[in-house]
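Report on the following structure.
Values reported hereafter were calculated over all heavy atoms of this structure, with side chains retained and with hydrogens, waters and symmetry mates removed. All of these numbers come straight from a predicted model, not from anything done at the bench.
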Amino acid sequence: MPDLRRYAMSLARNPADADDLVQETMLRATLKLHLWQPGTNIMAWLVVMMRRLYLSKFVSGAHNKAEMIPIDDWDAAVPATQTQAIELRELESRWPKLSKHHREVLELVAIMGASYEEAAERFQVPVGTIRSRLGRARICLRDEQAAH
């Protein structure tokens, strides 16, 4: 943990953000532990995971503005902000308008955190089909958001 904390500080340069990054990395690692291959360097695996989380959460850019908010089982330690609550309600209203395939792939990959390969195996389709469905589902959600 001290090594992860030092690395998080080198990325975030802020103790609070570094602590959040360590916590999110450990949570993600716990959820994805089945993907880690015993015998490989677990520290390297955690560092890569932390860097990806850092890039997606803290690096500004048009593609990095979205924050994932789980639809089911909201279990945040603190109440949702007003903006998060509004975004969640908007997403819940758009969700039923998606096709069954789009909802399934979004739920499995974007919400549950499955890899494209896992989703392809689950739905018995090629990985390219999963990528395509996920891309179209995201476009549908964005288009629906722009219409409001």
Side-chain angles (χ1 to χ4, degrees), residues 1-81 83-92 94-96 98-142 145:
M1 291 293 281
D3 292 337
L4 279 178
R5 175 82 165 75
R6 268 192 299 280
Y7 184 63
M9 276 298 293
S10 74
L11 291 172
R13 306 215 184 274
N14 173 320
D17 289 340
D19 288 342
D20 289 347
L21 196 52
V22 169
Q23 184 177 6
E24 287 184 45
T25 300
M26 296 310 292
L27 175 63
R28 176 78 51 96
T30 302
L31 295 172
K32 302 275 186 176
L33 191 58
H34 66 281
L35 298 174
W36 178 68
Q37 298 173 357
T40 60
N41 185 343
I42 194 163
M43 188 63 183
W45 185 66
L46 292 169
V47 164
V48 168
M49 192 177 302
M50 180 178 284
R51 179 156 174 75
R52 288 179 179 165
L53 282 167
Y54 168 76
L55 290 173
S56 69
K57 185 169 178 107
F58 294 104
V59 176
S60 63
H63 296 291
N64 295 317
K65 295 294 184 195
E67 184 173 330
M68 195 167 105
I69 301 171
I71 292 176
D72 297 322
D73 300 326
W74 180 266
D75 61 355
V78 294
T81 64
T83 302
Q84 288 171 330
I86 291 169
E87 289 172 349
L88 184 59
R89 277 194 298 273
E90 288 174 356
L91 182 58
E92 286 176 336
R94 292 190 299 265
W95 191 260
L98 295 173
S99 74
K100 176 185 173 201
H101 291 300
H102 289 168
R103 284 193 310 269
E104 288 175 342
V105 75
L106 273 172
E107 183 176 342
L108 189 60
V109 175
I111 296 172
M112 306 281 294
S115 69
Y116 292 165
E117 290 78 15
E118 291 170 329
E121 185 177 314
R122 165 101 187 272
F123 298 122
Q124 298 179 349
V125 296
V127 173
T129 301
I130 295 298
R131 289 185 175 137
S132 177
R133 286 180 185 172
L134 190 58
R136 286 193 309 261
R138 288 176 173 158
I139 289 169
C140 288
L141 286 174
R142 277 193 299 269
Q145 181 181 13

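The line from CE of Met49 to CG of Leu27 is 10.0 Å long, rounded to the nearest 0.5 Å. The CG atom of Leu4 sits 9.0 Å away from the CG atom of Leu21 when rounded to the nearest 0.5 Å. With rounding to the nearest 0.5 angstrom, the CD atom of Glu24 is 9.5 Å from the CG atom of Asp17. Rounded to the nearest 0.5 Å, atoms CG (Leu11) and OH (Tyr54) are 6.0 Å apart. Of the inter-residue distances, the one linking Leu53 atom CG with Arg51 atom CZ reads 12.0 Å to the nearest 0.5 angstrom.
Within the structure, salt bridge (charged side-chain N to carboxylate O under 4.0 Å, His left out) contacts touching residues 2-15 (residues at least two apart or in different chains) are Asp3-Arg6, Arg5-Asp19. Applying the side-chain hydrogen bond (donor to acceptor under 3.5 Å, both in side chains) test to every pair with at least one member in residues 38-49, sequence neighbours left out, gives these pairs: Trp36-Thr40.
Taking every heavy atom of both residues into account, Ala18 and Ala8 meet most closely at O-CB, 3.6 Å. Smallest separation of non-hydrogen atoms from Ala29 and Leu46: CB-CD2, 3.5 Å. Closest approach of Arg138 and Ala110 over heavy atoms only: NH2-CB, 4.3 Å. Closest non-hydrogen pair, Val109 versus Ala119, comes out as CG2-CB, 3.8 Å.
For Glu104, the side-chain contact (heavy atoms from CB on, under 4.5 Å) partners two or more places apart in sequence, or in a different chain, are Lys100, His101, Phe123. Looking at residues two or more places apart in sequence or on another chain, you find no side-chain hydrogen bond (donor to acceptor under 3.5 Å, both in side chains) involving Arg122. For Thr129, there are no side-chain hydrogen bond (donor to acceptor under 3.5 Å, both in side chains) partners at least two apart in sequence or on another chain. With sequence neighbours left out, Glu121 forms a salt bridge (charged side-chain N to carboxylate O under 4.0 Å, His left out) with no residue at all.
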- [ ] Determine, step by step, whether Leu31 and Met112 satisfy the side chain to side chain contact (heavy atoms under 4.5 Å, CB included) criterion, reporting the C-alpha distance in whole Å, the side-chain angles of both residues, the deciding distance to 0.1 Å, and the verdict.
- [x] CA-CA 9 Å; Leu31 295 172; Met112 306 281 294; over 6 Å; no
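Proximity of Leu108 to Glu118: side-chain heavy atoms (C-beta onward) are nowhere separated by under 4.5 Å. Side-chain atoms of Asn14 and Met9, non-hydrogen and from C-beta on, never get closer than 4.5 Å to each other.
Under a 3.5 Å cut-off, the side chain of Arg133 and the backbone N or O of His102 do not form any donor-acceptor pair. With hydrogens and angles disregarded, a donor-acceptor distance shorter than 3.5 Å links the side chain of Thr30 to the backbone of Met26. No donor-acceptor pair closer than 3.5 Å links the side chain of Tyr116 to the backbone N or O of Val127.
Counting non-hydrogen atoms of neighbouring residues, nucleotides and ligands closer than 6.0 angstrom, the CD atom of Glu117 exceeds 12 such neighbours.
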